[in-house]
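The structure appears right after this line, and notes come after that.
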Amino acid sequence: MNLQHIPQIKHTDSGNFFLLAGPCAIEGEEMALRIAEKLVGITDKLQIPYVFKGSFKKANRSRIDSFSGIGDEKALKILRKVSETFHVPTVTDIHTNEDADMAAQYVDVLQIPAFLVRQTDLVVAAANTGKTVNLKKGQFMSPESMKHAVQKVLDCHNENVMVTDRGTMFGYQDMIVDYRGIPTMQQYATTVLDVTHSLQQPNQTAGVTGGRPDMIETVAKAGIAVGVDGIFIETHFDPANAKSDGANMLNLDYFEGLMTKLVAIRKTVNSF
């Protein structure tokens, strides 16, 4: 995939990894713009190609009373406003075939959630929009099996496809990243490491997913060291009170420090 096919993406000649980052879910306009402004400033300073991430709805929830969104069109319009305000591309998850056409009117990249990546109709619907498609690797899937998901997009005459590793189930309530999978998946498509979801601790008895945000830097550094193409990180200025996935998000205050370290590692890797 050529990053330059993503509208408004900058710094593609910097030699850096690219970044998909933002809040787990769009909670409102003010929070989205606040996070986007901070991230755009950091990525421009460090010359990191950047795509703002925000879910317009959260369909995959442990409990029926969990936050699922502020309204589809309302959230999608906020994503469009982020793009127009800061001149950056945006990415959001889709969960149904109908979501694909709707979200494609507002964002630049359509993301297939890990639990849904084997749903052929959904993948095809996303590919047929002509938008870039980000395929999350299922927690239950091998890296090798992702070649079939990628092929579904390619068979729709859409070459703008990437895959994202978000960890593999390790027992019932933990995730682990197998870094051997990164070069494997790079044979099929541009490959991203989802750092924060890889640190989830799902299936908690309370029905709220846990996480290990203290390990974000460790996992991210390792991903850059093995040569991943992109990094995916969810972040919030108040993770403890975020309405979704707060337990594994990076505090926005720590974002620039981490990106500075990752850029330095990437520069070293590129020197070999």
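The first residue in the sequence is number 1, and the count goes up from there.
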Heavy-atom check, side chain of [X] versus side chain of [Y], under 4.5 Å:
{"X": "E27", "Y": "H236", "answer": "yes"}
{"X": "V133", "Y": "V109", "answer": "no"}
{"X": "P89", "Y": "S83", "answer": "no"}
{"X": "I216", "Y": "L258", "answer": "yes"}
{"X": "T120", "Y": "L122", "answer": "no"}
{"X": "D108", "Y": "V51", "answer": "no"}
{"X": "V124", "Y": "N97", "answer": "no"}
{"X": "H197", "Y": "K136", "answer": "yes"}

Kindly compute the distance separating [atom1] ([X]) from [atom2] ([Y]), expressed to the nearest 0.5 Å.
{"X": "Q4", "Y": "N2", "atom1": "CD", "atom2": "CG", "result": "5.0 Å"}
{"X": "I224", "Y": "T268", "atom1": "CD1", "atom2": "OG1", "result": "11.5 Å"}
{"X": "H11", "Y": "L3", "atom1": "NE2", "atom2": "CG", "result": "12.5 Å"}
{"X": "L154", "Y": "Y188", "atom1": "CG", "atom2": "OH", "result": "13.0 Å"}
{"X": "M162", "Y": "M1", "atom1": "CE", "atom2": "CE", "result": "3.5 Å"}
{"X": "Q187", "Y": "K147", "atom1": "CD", "atom2": "NZ", "result": "9.0 Å"}

Quick check against the 3.5 Å criterion: does [X] have a side-chain atom that pairs as donor or acceptor with the backbone of [Y]?
{"X": "Q47", "Y": "G15", "result": "no"}
{"X": "T132", "Y": "I6", "result": "no"}
{"X": "S142", "Y": "S145", "result": "yes"}
{"X": "R80", "Y": "Q105", "result": "yes"}
{"X": "T191", "Y": "A189", "result": "yes"}
{"X": "T184", "Y": "E144", "result": "no"}
{"X": "N158", "Y": "A127", "result": "yes"}
{"X": "K261", "Y": "K221", "result": "no"}

Checking side-chain contact (heavy atoms from CB on, under 4.5 Å) for the pair R166/L199: CA distance, chi angles, key distance, verdict? CA-CA 8 Å; R166 49 95 74 237; L199 292 166; over 6 Å; no
Give a yes-or-no answer on whether the side chains of [X] and [Y] include a donor-acceptor pair shorter than 3.5 Å.
{"X": "T196", "Y": "E234", "result": "no"}
{"X": "T164", "Y": "D194", "result": "no"}
{"X": "T92", "Y": "K53", "result": "no"}
{"X": "T190", "Y": "D229", "result": "no"}

Between Q139 and T168, is the side chain to side chain donor-acceptor pair (under 3.5 Å) condition met? List the steps. CA-CA 4 Å; Q139 303 93 319; T168 300; over 6 Å; no
Do you know which two heavy atoms are closest between [X] and [Y], and how far apart they sit?
{"X": "A247", "Y": "P213", "result": "O-CD, 3.1 Å"}
{"X": "A104", "Y": "K131", "result": "O-CE, 3.0 Å"}
{"X": "I94", "Y": "P113", "result": "O-CD, 3.0 Å"}
{"X": "A103", "Y": "L110", "result": "CB-CD2, 3.8 Å"}
{"X": "G167", "Y": "K137", "result": "O-NZ, 4.0 Å"}
{"X": "F17", "Y": "G230", "result": "CB-CA, 4.5 Å"}

What orientation do F140 and F115 show, parallel under 30°, tilted 30 to 60°, or perpendicular over 60°? parallel
Determine whether [X] and [Y] fall in the same hydrophobic cluster, where Ile, Leu, Val, Met, Phe, Trp and Tyr are linked whenever their side-chain heavy atoms lie under 4.5 Å apart.
{"X": "L116", "Y": "V163", "result": "yes"}
{"X": "V40", "Y": "M31", "result": "yes"}
{"X": "I42", "Y": "Y50", "result": "yes"}
{"X": "V161", "Y": "V117", "result": "yes"}
{"X": "M146", "Y": "I112", "result": "yes"}

Quick one: do K57 and D99 make a salt bridge, cutoff under 4.0 Å?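 Looking at D99 together with K57, the answer is yes, because their closest N to O distance falls below 4.0 Å.
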Test: D44 and K10 ion pair at under 4.0 Å: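 Looking at K10 together with D44, the answer is no, because their closest N to O distance does not fall below 4.0 Å.
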Answer yes or no: are there more than 12 heavy-atom neighbours, outside E30 itself, under 6.0 Å from its atom CD?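 Above 12, so yes.
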Results of side-chain contact (heavy atoms from CB on, under 4.5 Å) for K81 - residues two or more places apart only: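 In terms of side-chain contact (heavy atoms from CB on, under 4.5 Å), with neighbours along the sequence ignored, K81 is linked to E29, L33, T85.
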Sequence neighbours left out, what passes salt bridge (Lys or Arg N to Asp or Glu O under 4.0 Å) with E159? Give chain and number order. none
Between R118 and H148, is the side-chain contact (heavy atoms from CB on, under 4.5 Å) condition met? List the steps. CA-CA 9 Å; R118 290 192 61 178; H148 304 297; over 6 Å; no
Audit row: F237, I35, side-chain contact (heavy atoms from CB on, under 4.5 Å) steps and yes/no: CA-CA 7 Å; F237 48 80; I35 293 170; 3.7 Å; yes
M102 and F56: CA distance, side-chain angles, deciding distance, side-chain contact (heavy atoms from CB on, under 4.5 Å) verdict: CA-CA 11 Å; M102 177 176 62; F56 77 94; 3.8 Å; yes
Taking side-chain hydrogen bond (donor to acceptor under 3.5 Å, both in side chains) as the cut-off, I'd like each qualifying pair that reaches into residues 32-43, sequence neighbours left out, listed once.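 Sorted result for residues 32-43: empty, none.
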